[in-house]
Amino acid sequence: QVQLIQSGGGLAQAGGSLTVSCVAPGGAFRDYHVAWFRQAPGKIREFVGTISSIGILTQLVDSVKGRFTVALDNAKITATLQLNNRNQEDTAVYYCATGPVRFGIRDYEVYAYWGQGTKVTVSS
């Protein structure tokens, strides 16, 4: 069973930086790509970005390009999503996900393993 443990997030002001982390203690990120999703109140879960299992390829949705960064540590244990220059539209619960999915897939329904979610609230 793949376990993903999230940390970080919280309440922050617009314009600053915040990092959400996702740890896979069993080493799942050595085999599977890591995807990030978010779900704002009353909205469907949407794709934010992804990084390949070797940590070289990345993708970000257009609305966060230039502001968010996805990364994976050399041990392939911890993935991070750094939220820079946040705005109130970034307020959501953020999830990491992984599984035997081809790189770049943005459909949340195909990911088998999920973190518990981390709430990020951006204030003006």
Side-chain angles (χ1 to χ4, degrees):
Q1 183 71 17
V2 174
Q3 184 181 20
L4 302 181
I5 304 168
Q6 292 184 228
S7 61
L11 175 64
Q13 289 187 329
S17 296
L18 183 149
T19 299
V20 180
S21 298
C22 178
V23 174
F29 297 159
R30 299 188 185 104
D31 299 318
Y32 304 139
H33 311 310
V34 185
W36 290 93
F37 292 82
R38 66 184 180 184
Q39 188 163 16
K43 296 187 177 181
I44 63 171
R45 192 168 298 188
E46 65 171 352
F47 173 83
V48 176
T50 185
I51 185 165
S52 62
S53 58
I54 58 175
I56 294 177
L57 300 177
T58 62
Q59 281 186 9
L60 290 166
V61 69
D62 287 346
S63 61
V64 306
K65 278 182 182 177
R67 301 191 299 119
F68 290 12
T69 303
V70 293
L72 183 63
D73 70 345
N74 289 334
K76 308 297 189 285
I77 296 294
T78 303
T80 55
L81 174 69
Q82 184 171 348
L83 294 70
N84 301 313
N85 194 21
R86 299 181 307 274
N87 58 56
Q88 288 183 289
E89 294 181 346
D90 297 322
T91 294
V93 177
Y94 285 75
Y95 298 90
C96 59
T98 194
V101 177
R102 184 167 50 91
F103 179 75
I105 295 297
R106 302 187 176 194
D107 182 357
Y108 72 88
E109 293 183 340
V110 303
Y111 287 86
Y113 309 110
W114 289 84
Q116 78 275 21
T118 302
K119 189 172 184 179
V120 172
T121 303
V122 182
S123 62
S124 58

request  = For the pair T80 (side chain) and V20 (backbone), establish whether a donor and an acceptor sit closer than 3.5 Å, ignoring hydrogens and angles.
outcome  = no
ask   = Looking at Y111 versus F37, is the centre-to-centre ring distance below 6.0 Å?
value = yes
task = May I ask you to decide if S17's main-chain N or O and R86's side chain share a donor-acceptor pair within less than 3.5 Å?
result = yes
Cluster overlap W36 with V23, hydrophobic side-chain contacts below 4.5 Å = no
message = Looking at every heavy atom in both S52 and F103, which two are closest together, and how far apart are they?
response = N-CE1, 3.5 Å
Heavy-atom closest contact (A14 atom, N87 atom, distance) = CB-CA, 4.5 Å
inquiry  = Closer than 3.5 angstrom, by distance alone: can the side chain of T91 be matched with the main-chain N or O of V122 as a donor-acceptor pair?
reply    = yes
query = Are the side chain of R67 and the backbone N or O of L83 linked by a donor-acceptor pair below 3.5 Å?
reply = no
query = Can L57 be reached from F47 by stepping across I, L, V, M, F, W or Y side chains whose heavy atoms are under 4.5 Å apart?
reply = no
ask   = How far apart are the closest heavy atoms of G99 and Y113, and which atoms are they?
value = CA-CD1, 3.9 Å
note = One should read off an interatomic distance between K119 NZ and Q6 CD, to the nearest 0.5 angstrom, of 14.5 Å
key: Main-chain N/O of T50 paired to Q59 side chain as donor or acceptor, under 3.5 Å   = no
note = Tested for side chain to side chain contact (heavy atoms under 4.5 Å, CB included) against F68, the lone hit among L81, N85, N84 is L81
task = Supply the atom-to-atom distance T58 OG1 to L72 CG, rounded to the nearest 0.5 angstrom.
result = 11.5 Å
request  = Return the minimal non-hydrogen interatomic distance between V48 and R38, and the atom names on each side.
outcome  = CG2-CG, 3.5 Å
Which residues share a salt bridge (Lys or Arg N to Asp or Glu O under 4.0 Å) with E89, sequence neighbours left out = none
query = Roughly how far, to the nearest 0.5 Å, is the CH2 atom of W114 from the SG atom of C22?
reply = 10.5 Å
key: Full working for side-chain contact (heavy atoms from CB on, under 4.5 Å) between F29 and L4   = CA-CA 10 Å; F29 297 159; L4 302 181; 3.7 Å; yes
query = Do other residues, nucleotides or ligands put more than 12 heavy atoms under 6.0 Å from the CG atom of N74?
reply = no
task = I would like to know whether V120 and D90 meet side-chain contact (heavy atoms from CB on, under 4.5 Å); could you show each step before the answer?
result = CA-CA 8 Å; V120 172; D90 297 322; 5.7 Å; no
Shortest non-hydrogen contact from I77 toward P25 = CD1-O, 4.4 Å
ask   = Which heavy atom in G8 sits nearest to a heavy atom in T118, and how many Å separate them?
value = O-CG2, 2.9 Å
ask   = Roughly how far apart are R30 CZ and I54 CD1, rounded to 0.5 Å?
value = 15.0 Å
ask   = Given K76 and S53, is the side-chain contact (heavy atoms from CB on, under 4.5 Å) satisfied, shown in steps?
value = CA-CA 7 Å; K76 308 297 189 285; S53 58; over 6 Å; no
ask   = For G26, does its backbone N or O pair with a side-chain atom of Q3 as donor and acceptor, under 3.5 Å?
value = no
